[in-house]
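Input: a single structure, listed below in structure tokens.
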2 protein chains.
Amino acid sequence: MPAISADKGEGCGCVMQYEAIDLEKKIRDASLRPTKQRLALARLLYAEGNRHVTAERLHAEAMEAGVAVSLATIYNNLHQFTAAGLLREVVVDSSRSYFDTNVAPHHHFFHEKSGALEDIPKSALTVDNIPALPAGTEVSSVDVIVRINDTRG
Amino acid sequence: MPAISADKGEGCGCVMQYEAIDLEKKIRDASLRPTKQRLALARLLYAEGNRHVTAERLHAEAMEAGVAVSLATIYNNLHQFTAAGLLREVVVDSSRSYFDTNVAPHHHFFHEKSGALEDIPKSALTVDNIPALPAGTEVSSVDVIVRINDTRG
DNA sequence: TTGCGTATTTGAATTATTATAAAAAATACT
DNA sequence: AGTATTTTTTATAATAATTCAAATACGCAA
């Protein structure tokens, strides 16, 4: 195996090169090692706009992209990214964890039937009059989930 | 074992009697049979004010109260009660399910460290300006979770 | 480059939950 | 009451999501 490999040979790679450097910096700044697996996952996560991903889904995408990573690695990295503020965990369904690449404060629509998540910008929704907190505590975050279903009637 | 037993012998039992009748009606109205186990669980759930319970916890309480119910029964009943509108499932932590005996619309404080849940009355908090929903969908519920932590600094 | 210490990866284990199938209990019918 | 029918319970197995700890690979210093 050559020290410097092209991974995916096709295309000019210019943009990928920029992305790669960008992502590598992102990872280094989080004091994580830019390993082949981690970079591949970062590429999948941050390639195009904001995403809501489950571990299972990311694993499938990695396999599909020809990167053989174990599920345990997926979980490790999702949690490390979350701890570093590169991802945010969204709890909507008690049976699985979703990770959101949008780490700015915002809320969510959750389509109960399909399991799909959609961002609601923070500015598009207001939460007011939060009552006094229990003594000795402070707000860590305010999560609003608007659960929606198909109209029927 | 006598046909009519007092279960817990101490005390006058008057209030318990009322409660028992009340709970039996509640269960019957949900088209469920008032079995010994189901009644015992209902008693534990609705004995005193609103509660937030996990399956594991309810099971422990049942055992402690001398009622031998299997974990499968706990899950069955929690789900049946939820389907009947007697309980509401609250998703705060993707690793376990909480069931809330308060089925009126309201929100929650969630203490991240201890895992404790506390109700916020619906009237004590306002959510406004929910943006337009995706086409063909309607709101099923709006859940607000105020995640809190111990003050430190 | 080589070797070392630590971060990372991964197969195996663990946990919460659900499914199954047979026995027990509750209700319905007569 | 006596019997049939249906619901419920439970032991056990199965599954899904997640975590653990041993083995590996990486990045750095010499």
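So that the names make sense, note that chain A is the first sequence line, chain B the second, and so on, each numbered from 1.
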Exercise for the section: Verify side-chain hydrogen bond (donor to acceptor under 3.5 Å, both in side chains) between A/H111 and A/D150, making sure each step is shown before the conclusion. Expected result: CA-CA 8 Å; A/H111 196 283; A/D150 293 328; 3.1 Å; yes

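Proximity of B/N77 to the phosphate of D/dT9: a side-chain N or O atom is located under 4.0 Å from OP1 or OP2. OP1 or OP2 of D/dT9 has not a single side-chain nitrogen or oxygen of B/S70 nearer than 4.0 Å.
In the 5' to 3' direction, nucleotides of DNA chain C lying under 4.0 Å from heavy atoms of chain A begin and end at C/dG5 to C/dG11.
Electrostatic pairing of B/D29 and B/K25 counts as a salt bridge here, judged by a charged N lying under 4.0 Å from a carboxylate O. Between A/D143 and A/R88, at least one side-chain nitrogen of the basic residue sits less than 4.0 Å from a carboxylate oxygen of the acidic one, meeting the salt-bridge criterion.
Sorted by first and then second residue, the pairs that involve residues 70-82 of chain B and meet side-chain hydrogen bond (donor to acceptor under 3.5 Å, both in side chains), not counting sequence neighbours, are B/R38-B/N77, B/R38-B/Q80, B/S70-B/T73.
Taking the six-membered ring where tryptophan is involved, the planes of A/H52 and A/H106 are tilted, since the angle between them lies from 30° to 60°. The aromatic rings of B/F81 and B/Y46 sit tilted, their planes meeting at an angle between 30° and 60°.
Every residue two or more places apart in sequence or in another chain that forms a side-chain contact (heavy atoms from CB on, under 4.5 Å) with A/F109 is listed here: A/E118, A/I120, A/V146, A/I148, B/I130, B/P131, B/L133, B/P134. Remark: B/R51 pairs with B/V53, B/E61, B/T101 by the side-chain contact (heavy atoms from CB on, under 4.5 Å) rule, at least two apart or across chains.
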Kindly give the atom pairs (protein nitrogen or oxygen, nucleotide nitrogen or oxygen) under 3.5 Å for nucleotides 23-30 of chain D.
unit_1: D/dC26; atom_1: O2; unit_2: A/R33; atom_2: NH1; d: 3.3

Short N/O separations, protein against nucleotides 12-18 of chain D, under 3.5 angstrom:
unit_1: D/dT18; atom_1: OP1; unit_2: A/S97; atom_2: N; d: 3.3
unit_1: D/dT18; atom_1: OP1; unit_2: A/S97; atom_2: OG; d: 3.0
unit_1: D/dT18; atom_1: OP2; unit_2: A/Y75; atom_2: OH; d: 2.4
unit_1: D/dT18; atom_1: O5'; unit_2: A/Y75; atom_2: OH; d: 3.4

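Around the CZ atom of A/R96, the shell of radius 6.0 Å holds no more than 12 heavy atoms that belong to other residues, nucleotides or ligands.
The backbone N or O of B/P121 sits nowhere less than 3.5 Å from a side-chain atom of B/H107 that would complete a donor-acceptor pair.
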